[in-house]
S.K.: 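My structure is below; once you've seen it, I'll send some questions.
Order of the sequence lines sets the chain letters (A, B, ...), proteins ahead of strands, with each chain counted from 1. Predicted model, so just to flag it, every value in this text is computed and none were measured.
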Amino acid sequence: MSLKTDDVRNIAHLARLHIDEADVDKYAADLSSILDLVDQMNQVDSQGVTPLANPLDATQRLRADEVTESDQRDKFQGIAPDVEQGFYRVPKVIE
Amino acid sequence: MANGVAEIRRGLKAGKFSSVEITQDYLARIALHNPALNCFISVTDEIALAQARQADAALARGESAALTGVPLAHKDLFCTDGVKTSCASRILDNFIAPYDATVIENFKRDGAVMLGKTNMDEFAMGSSNENSYYGCVANPWNTEYVPGGSSGGSAAAVAAGLALGASGTDTGGSIRQPAALCGITGIKPTYGRVSRYGMIAFGSSLDQGGPFARSAEDCALLLQTMSGFDPRDSTSAEQAVPDYGAALGQGIEGLKIGLPQEYFADGLDAGIGAVIENAIEELQKLGAVIVDISLPNTGLSIPTYYVVAMAECSSNLSRFDGVRFGHRCDNPTDLEDLYKRSRGEGFGAEVKRRIMIGSYALSKGYYDAYYLKAQQLRRLIKQDFQQAFDSVDLILGPTTPETAFKIGAKTDDPVSMYLQDIYTISLNLAGLPGMSLPVGFCDGLPVGMQLIGNYFNESGLLNAAHCYQQVSDWHQQIPEAFR
C-alpha cells in the first residue's frame, strides 16, 4: 500500500493537522511503510469472526441520571487560551 | 541507602527516619542526577515536602495508611490538580490540570509523597522515550542508550534510585518494556483493574495504568493502592481487589508455566534467550512445571495493534484543538486554521503519523478493511491465550527481543521501532495482565522476563515473581554511577 503526496495532504486535512509542505514526501514514505506492515493482517481469513471491541467483551455500564459534577467553569476556563464573559473565544465562524 | 518501599515503610513506622528526611534525600538525588538522565519533566519539591510533613504528623499520631510518607514519581500523563500535566507534548506544555486522576487521588488517600512528574514518549506513543518534547531520557545503565518507552522516565527514575516507585501506563508494553530495559520490576494489570479516569487517553480499549518498583513485593503494595472499581471510568472492572501482599510467598510448587514457541523463535537475541533459559531453570528448582505451548497468531499482533491503537488515538487526540486548553497558534485566520496550526505546532512527528494512519483507517471506504479486520484478528489473538490458559497457570517469555538500543539507532524507521513490542502488545489486545522482572544482563544491559497471567490473576504473577526474587538479586542491582 503506497500513499501519494496528495493522499497525505487529504488525510492531514481530515485530521485537521497542518503539516509543512517540505515534510509531505517523508510522511508519504513513513505512512506507506506503516500501511505495508498493517497489510500483513490480510494473511489471515477472518470471515465470520465476531469483532472484539472491549478486551473483556464488557458492555457499557449505565448509571442513574443524576448530577454528580459541580460547576467549575472559572477553574476550567482559567487554563483556556482565550475566554470572555464565560465563553471560549475563537475566530469568527459565521459571516 | 534503603531502596525498597516495604523497607522504607518499616523504617518510617519505627521512627528510624522521617518522611521529610527521606524526601529531602530523594530531592537531592534528583537535583544531582536528573540533568544527566532527564527523567523528570517537573520536580514538585514544595508539594513533596508539604506531603512529607503531613505524613510525619500522621505517623506521630500513630495513624498511617498503606504508603504514608513514601516518595514516588508519577508519569506525566496522570492529571494532577494544580500541577503541569504535559504528556510530554508541546500542545500541553502550558496545561495545569484542574483535577486529580483517580490513581493520583488513591496515592494521596494512602499517604504517598509525590516527588514529581516523569518524562515519557509524547502521549505515550513510542518505545524509546525519544518522542518527548522535553528530550530523551537516558538509561541509567548506560546513558548512551534509551530507557525504553513510553514510561521511560518512570523506569529510569526507579532504576537510578531517584524514586522508590513510580506510576506508569501500558498501551502496548509501555510499563513492561522500559522496566525490562532499565532492570526493574513493573506490572500491567488486567484491563479495567486500574481506573483510567484522569489518565490522558491514547488507545482507550488498550490503556492500563500500573506501577514500577525494584521488586514484586513493592509492586504489590503500589498496585494495591492503584487498583479498584471507579464509577468515573466506564470500563472500570466491578471486581473486588484481592490482598496482593497476602498472595506473596505462597510458593510455586506444581505451578504450570507455558513457554510459547513463538516467543523463542527467530528474532529473539541469542544472549537474551540464554539469560531467560537460566531463569526458567531457577523456577523449575522452585517446583514450577514447564510446558511447551503455542500462540499461533502472535505474528498478527503488531499489525492488529497498530490499527486499533492508531484509530483510537486519532479519535482521542481530536480533543486537543487549541480552543479550551493547551497550545493555540498565533493569529489564526479562521477556525480551521486555528485547529490545523495549533495541532500541527503542538504535536510531534510520531503523534502526527499515528493520528494520520488512524484517520485514514477510520475514513469512509476503509473502515472494514482496517478497523473491523483488526477487531476480528484481536479476537483470534485473545482466543490463543484463552486456549493456552486451559492448560497452564502462567505464560513466560522474554519481555523484549533485544536489550536497550543506542539513542538515535531506530529513529529514522518507525516500523523497526514498532517491532520492539512483539512480545508485549498482544496482552493489551487481549486485556491480560503481564509483568516484567529483571533476570540478568547481556553485555552490561539488563534483560527482562515477562510473565503473563489469566484475567485478574495479578496475584499469581506477583507471587511467582516474588518467589524468583527470593532466590535471585537481579532486582537489587543498581548502576554504579547511582549507588
S.K.: Which bit of Asp81(B) is near chain A, if near means a heavy-atom gap under 4.5 Å: side chain, backbone, both or neither?
M.R.: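 Just the side chain, heavy atoms under 4.5 Å.
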
S.K.: Does any heavy atom of chain A fall under 4.5 Å from the side chain of Leu300(B), the backbone, both, or neither of them?
M.R.: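 Only the side chain of Leu300(B) comes within 4.5 Å of chain A.
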
S.K.: If you take all heavy atoms of Leu377(B) and Ser46(A), which pair is closest and at what distance?
M.R.: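 Taking Leu377(B) first and Ser46(A) second, the nearest heavy atoms are CD2-CB, 3.9 Å.
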
S.K.: What residues of residues 314-324 of chain B sit under 4.5 Å from chain A when only non-hydrogen atoms are counted?
M.R.: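 Answer by number: Gly322(B), Val323(B), Arg324(B).
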
S.K.: Picking from Arg341(B), His327(B), Arg353(B), which has the most non-hydrogen pairs under 4.5 angstrom with chain A?
M.R.: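 So the answer, after comparing Arg341(B), His327(B), Arg353(B), is Arg353(B).
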
S.K.: Check each atom of Val38(A) against the heavy atoms of chain B and say whether the ones under 4.5 Å are side chain, backbone, both or neither.
M.R.: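 Both parts, heavy atoms under 4.5 Å.
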
S.K.: Does any heavy atom of chain B fall under 4.5 Å from the side chain of Ile79(A), the backbone, both, or neither of them?
M.R.: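 Answer is both: backbone and side chain atoms of Ile79(A) are under 4.5 Å from chain B.
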
S.K.: Using non-hydrogen atoms and a 4.5 Å limit, figure out which bit of Gln40(A) sits close to chain B: side chain, backbone, both or neither.
M.R.: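 Interface part for Gln40(A): both.
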
S.K.: Heavy-atom distances under 4.5 Å only: say whether Leu429(B) touches chain A with side chain, backbone, both or neither.
M.R.: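 The answer is the backbone of Leu429(B).
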
S.K.: How far apart are the closest heavy atoms of Pro303(B) and Met41(A), and which atoms are they?
M.R.: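 Heavy-atom minimum between the residues: CB-CG, 3.7 Å.
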
S.K.: Among the options Val83(A), Val93(A), Leu35(A), pick out the one with the most heavy-atom pairs lying under 4.5 Å from chain B.
M.R.: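 Most heavy-atom pairs under 4.5 Å with chain B: Leu35(A).
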
S.K.: Is it the side chain or the backbone of Asp39(A) that comes within 4.5 Å of chain B heavy atoms, both, or neither?
M.R.: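 Contact with chain B: side chain only.
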
S.K.: Quick one: CD1 on Ile19(A) to NZ on Lys340(B), what's the gap to the nearest 0.5 Å?
M.R.: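 Those atoms lie 10.0 Å apart.
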
S.K.: Using 0.5 Å steps for rounding, measure from the OG1 atom of Thr235(B) to the CD atom of Gln60(A).
M.R.: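 Here the rounded value is 8.5 Å.
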
S.K.: Below 4.5 Å from any heavy atom of chain B, which atoms of Leu62(A) appear? Answer side chain, backbone, both or neither.
M.R.: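 It is neither, since no heavy atom gets under 4.5 Å.
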
S.K.: Less than 4.5 Å to any heavy atom of chain A: does that hold for the side chain of Lys382(B), its backbone, both, or neither?
M.R.: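 When you check distances to chain A, only side chain atoms of Lys382(B) fall under 4.5 Å.
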
S.K.: Between chain B and each of Ser33(A), Pro81(A), Ala58(A), count heavy-atom pairs under 4.5 Å; write down the option with the most.
M.R.: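 That would be Pro81(A).
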
S.K.: Check the pair Lys352(B) / Asp23(A) against side chain to side chain contact (heavy atoms under 4.5 Å, CB included), numbers first and verdict last.
M.R.: CA-CA 12 Å; Lys352(B) 284 182 195 158; Asp23(A) 296 332; over 6 Å; no

S.K.: Asp82(A), Asp30(A), Asp36(A), Leu14(A): which one forms the most heavy-atom pairs within less than 4.5 Å of chain B?
M.R.: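 It is Asp30(A).
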
S.K.: Is it true that a side-chain atom of Lys373(B) and a backbone atom of Asn42(A) form a donor plus acceptor pair closer than 3.5 Å?
M.R.: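 Not confirmed, Lys373(B) side chain does not pair with Asn42(A) backbone.
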
S.K.: Do you know the tightest heavy-atom contact between Tyr27(A) and Ala349(B)?
M.R.: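 Nearest pair, atom of Tyr27(A) first, then Ala349(B): OH-CA, 3.6 Å.
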
S.K.: Considering only heavy atoms, which portion of Pro332(B) lies under 4.5 Å from any heavy atom of chain A: side chain, backbone, both, or neither?
M.R.: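 Both backbone and side chain.
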
S.K.: Arg354(B), Arg343(B), Gln376(B): which one forms the most heavy-atom pairs within less than 4.5 Å of chain A?
M.R.: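 Going by pairs under 4.5 Å, I would pick Gln376(B).
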
S.K.: Does any heavy atom of chain A fall under 4.5 Å from the side chain of Leu335(B), the backbone, both, or neither of them?
M.R.: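 Both backbone and side chain of Leu335(B) come within 4.5 Å of chain A.
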
S.K.: Heavy-atom cut-off 4.5 Å, strictly under: side chain, backbone, both or neither for Phe95(B) against chain A?
M.R.: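 Side chain only.
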
S.K.: Could you look at Gln383(B) and say if it's the side chain, the backbone, both or neither that has a heavy atom under 4.5 Å from chain A?
M.R.: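 No part of it gets close to chain A.
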
S.K.: Can you name the closest pair of heavy atoms from Leu17(A) and Met356(B) and give their distance?
M.R.: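 Shortest heavy-atom contact: CD1-CG, 3.9 Å.
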
S.K.: Any salt bridge between Asp57(A) and Arg379(B), counting N to O under 4.0 Å?
M.R.: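 Salt bridge flag = yes for Arg379(B) with Asp57(A).
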
S.K.: How long is the straight-line distance from CD1 of Ile381(B) back to CG of Leu52(A), given to the nearest 0.5 Å?
M.R.: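 It is 9.5 Å, given to the nearest 0.5 Å.
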
S.K.: Select one option (side chain, backbone, both, neither) describing which atoms of Ala237(B) are under 4.5 Å from chain A's heavy atoms.
M.R.: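 Contact with chain A is absent: no heavy atom of Ala237(B) under 4.5 Å.
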
S.K.: Considering only heavy atoms and a distance below 4.5 Å, find which of Val90(A), Thr50(A), Asn54(A), Asp7(A) pairs most often with chain B.
M.R.: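 Between Val90(A), Thr50(A), Asn54(A), Asp7(A), the count favours Thr50(A).
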
S.K.: What option among Ala53(A), Gly48(A), Pro51(A) has the most heavy-atom pairs under 4.5 Å with chain B?
M.R.: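 Most heavy-atom pairs under 4.5 Å with chain B: Pro51(A).
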
S.K.: With only heavy atoms counted, which part of Ala15(A) is less than 4.5 Å from chain B, the side chain, the backbone, both or neither?
M.R.: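 For Ala15(A), heavy atoms of backbone and side chain both lie under 4.5 Å from chain B.
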
S.K.: Non-hydrogen atoms of chain A under 4.5 Å away: do they reach the side chain of Glu345(B), the backbone, both or neither?
M.R.: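 Neither part, no heavy atoms under 4.5 Å.
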
S.K.: Could you give all pairs that pass the ring pair (Phe, Tyr, Trp, His ring centres under 6.0 Å) test and reach residues 331-366 of chain B, with sequence neighbours left out?
M.R.: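 Passing the test, one end in residues 331-366 of chain B: Phe123(B)-Phe347(B), Tyr360(B)-Tyr366(B), Tyr360(B)-Tyr370(B).
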
S.K.: Mind checking the CG-OH spacing from Leu56(A) to Tyr455(B)? Nearest 0.5 Å is all I need.
M.R.: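 Rounded to the nearest 0.5 Å, the CG-OH separation comes to 6.0 Å.
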
S.K.: OH/Tyr418(B) to CD1/Ile34(A) distance, rounded to the nearest 0.5 angstrom?
M.R.: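 Tyr418(B) OH to Ile34(A) CD1: 3.5 Å, rounded to 0.5 Å.
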
S.K.: What residue, out of Ser234(B), Gly192(B), Gly431(B), has the most heavy-atom pairs lying under 4.5 Å from chain A?
M.R.: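 Of the candidates given, the most pairs with chain A belong to Ser234(B).
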
S.K.: Report the residues that fulfil salt bridge (charged side-chain N to carboxylate O under 4.0 Å, His left out) with Glu262(B), sequence neighbours left out, ordered by chain and then residue number.
M.R.: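 By the salt bridge (charged side-chain N to carboxylate O under 4.0 Å, His left out) rule, Glu262(B) matches no residue at all.
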
S.K.: Report which part of Ala369(B) has an atom under 4.5 Å of a heavy atom belonging to chain A: side chain, backbone, both, or neither.
M.R.: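 When you check distances to chain A, only backbone atoms of Ala369(B) fall under 4.5 Å.
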
S.K.: With a 4.5 angstrom heavy-atom cut-off, is it the side chain or the backbone of Phe325(B) that approaches chain A, or both, or neither?
M.R.: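 When you check distances to chain A, atoms from both the backbone and side chain of Phe325(B) fall under 4.5 Å.
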
S.K.: Taking the side chain from Arg63(A) and the backbone from Arg232(B), do they hold a donor-acceptor pair closer than 3.5 Å?
M.R.: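 No; judged by distance alone, with no hydrogens or angles, the pair does not exist.
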
S.K.: Could you have a look at Thr333(B), Ile355(B), Ile357(B) and say which one has the most heavy-atom pairs with chain A under 4.5 angstrom?
M.R.: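 With the most close heavy-atom pairs to chain A, the winner is Ile357(B).
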
S.K.: Which bit of Arg328(B) is near chain A, if near means a heavy-atom gap under 4.5 Å: side chain, backbone, both or neither?
M.R.: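 The side chain, not the backbone.
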
S.K.: Quick one: CZ on Arg61(A) to CG on Asp233(B), what's the gap to the nearest 0.5 Å?
M.R.: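 Taking CZ in Arg61(A) and CG in Asp233(B), the distance rounds to 7.0 Å.
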
S.K.: Could you list the residues that satisfy side chain to side chain donor-acceptor pair (under 3.5 Å) with Tyr99(B), not counting sequence neighbours?
M.R.: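 Checked Tyr99(B) against side chain to side chain donor-acceptor pair (under 3.5 Å); zero matches.
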
S.K.: Most heavy-atom pairs under 4.5 angstrom with chain A, which of Gly346(B), Gly344(B), Gly326(B), Ser359(B)?
M.R.: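 The answer is Gly344(B).
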
S.K.: Got more than 12 heavy atoms from elsewhere within 6.0 Å of NZ, Lys4(A)?
M.R.: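 Check fails, neighbour count at 12 or below.
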
